[in-house]
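Side chains included, hydrogens not; waters and symmetry mates left out as well; all remaining heavy atoms used. Both ligands and their constituent atoms are indexed starting at 1 by order of listing.
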Amino acid sequence: MYEKIFDGIREQAHVRDELRMGLVCDACDLGPCTFDGSTSRVPCGITPDEMAMKNLAEKIAEGLGEYKTHKRHITMVYDMESLLEAATRMVDVSRSYSDEIDKLLSPYRTVRTVPFGLGGLRPEAVNICAVSSPRGIHDLIEFTRTPEAAENIECAGAHGVNIVSLGYPGAELAYQRGIPCIGNYLVLDNALATGCIDAIHTFGSERASLEEALKHFASRKGPQCELPEPKMHTTGATLDVTAINRAYERGNIEGVVVLFGAASPTCSWHMEGLVTDLVEHGYLVLVTGAHMYEGSTDAMNAPGVVHIGFCEIGKMHGKGFAPTPFVLVPGWKNAKILTSTLALVHHGYPVITGVRIPLTPSIEEKLAEKGCITELNGERVVERISELQSHREG
Ligand code: SF4
């Protein structure tokens with residue numbers, strides 16, 4: 001599914017090995033600078049640990065920017081506790097945003113099965129891939145249901161309109177409105193190659209996107225390749241923390257694991273196997289993000305896997321979980337995900353990342369002391385969770 005991505009990763013592998021030997025900073029006109037084992041001084045005089053913290057702070061600044069909040073002089077904060085605290089500035093924004101989207105879309109939500117993957121495209125329908133915000137996609141769905149739009153779609157000879165989405169909004173719209181989620185952003189090339197995507201709706205007018213889609217549909221000659229069978233997965237369940245806590249108190253579940261951002265091509269965890277493993281060990285796995293798993297369910301009083309929409313801290317933080325959820329972060333190389341992850345660490349959630357954050361060993365140790373560790377071997381993740389759980393209970 002992600003052949004082009006993996007080709008690129010292989011091409012870059014040798015460069016990455018070199019980069020891994022040192023830290024790189026490009027924060028001012030005096031750089032770029034690196035500590036690669038053969039150098040020990042940089043013009044501004046910072047140490048390798050400080051460079052690692054500076055790089056981390058730059059990511060946090062970017063992440064806070066996504067939530068329209070900021071912290072002045074953050075790239076000169078060399079103290080881990082202060083940096084983690086700075087990351088939490090996005091938490092309230094995430095919570096109010098999650099609540100706002102939930103208020104808007106939950107009247108449409110019900111437990112149902114939705115297609116995940118390219119099998120969610122329908123050759124006989126006008127397919128529009130919507131990549132705007134959850135609110136923007138909702139507006140598009142509503143527009144295509146107006147009598148005017150319905151008439152135009154019928155005139156075009158299409159069997160309805162099929163709005164699909166991907167990535168973060170795709171995860172939320174599949175959850176709230178039951179539209180197909182075709183994967184994460186990396187799948188878009190493959191989706192276009194099917195020839196079945198009639199338009200991509202971003203942040204423009206809904207009418208213009210539909211017109212473009214109808215025009216493309218009229219000239220379409222059928223799928224360019226065989227589409228996979230739709231894989232149906234359950235989603236749409238309201239998070240029932242009371243039921244979860246009761247199940248935990250009665251010993252029906254070992255605990256709660258949240259998958260924060262559901263998959264990453266640079267993470268070597270075998271996600272399906274990991275989720276199965278967690279469920280077999282008695283965990284309730286709450287999945288946030290654009291991936292759905294075999295055996296997904298709406299039951300929250302037993303071990304299982306439940307999809308709950310997009311990866312926002314507001315989906316889980318402050319909901320009153322009796323067992324603090326363990327948070328698994330398959331890939332962090334997105335400033336928003338990294339900043340959210342560090343905010344969760346500050347709030348006491350044990351976090352395991354599947355991709356190493358480039359830090360010096362001593363900074364990595366400081367982060368581990370705060371509860372954020374990296375485990376590259378997916379087969380060891382359950383064991384690491386058990387260790388953390390024993391530590392917590394002991
Ligand atoms: S290490 Fe110091 S001198 Fe070099 S780019 Fe970074 S901030 Fe500038």
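A donor-acceptor pair under 3.5 Å links the side-chain atoms of Arg89 to the main chain of His70, judged by distance alone. Checked by atom type and distance alone, the side chain of Arg177 never pairs as donor or acceptor with a backbone atom of Ile137 at under 3.5 Å.
A perpendicular orientation is assigned to the rings of Tyr175 and His307, their planes being inclined by more than 60° (bins at 30° and 60°).
Taking a cutoff of 4.0 Å between a charged side-chain nitrogen and a carboxylate oxygen, Lys336 and Glu66 do not qualify as a salt bridge.
Here the NE2 atom belonging to His216 is positioned 10.0 Å from the CG atom belonging to Asn127, to the nearest 0.5 angstrom. With rounding to the nearest 0.5 angstrom, the CD atom of Glu81 is 11.5 Å from the NZ atom of Lys366.
Listed by chain and number, the protein atoms of type N/O/S under 2.8 Å from atom 2 (Fe) of ligand 1 are Cys44 SG; waters are omitted.
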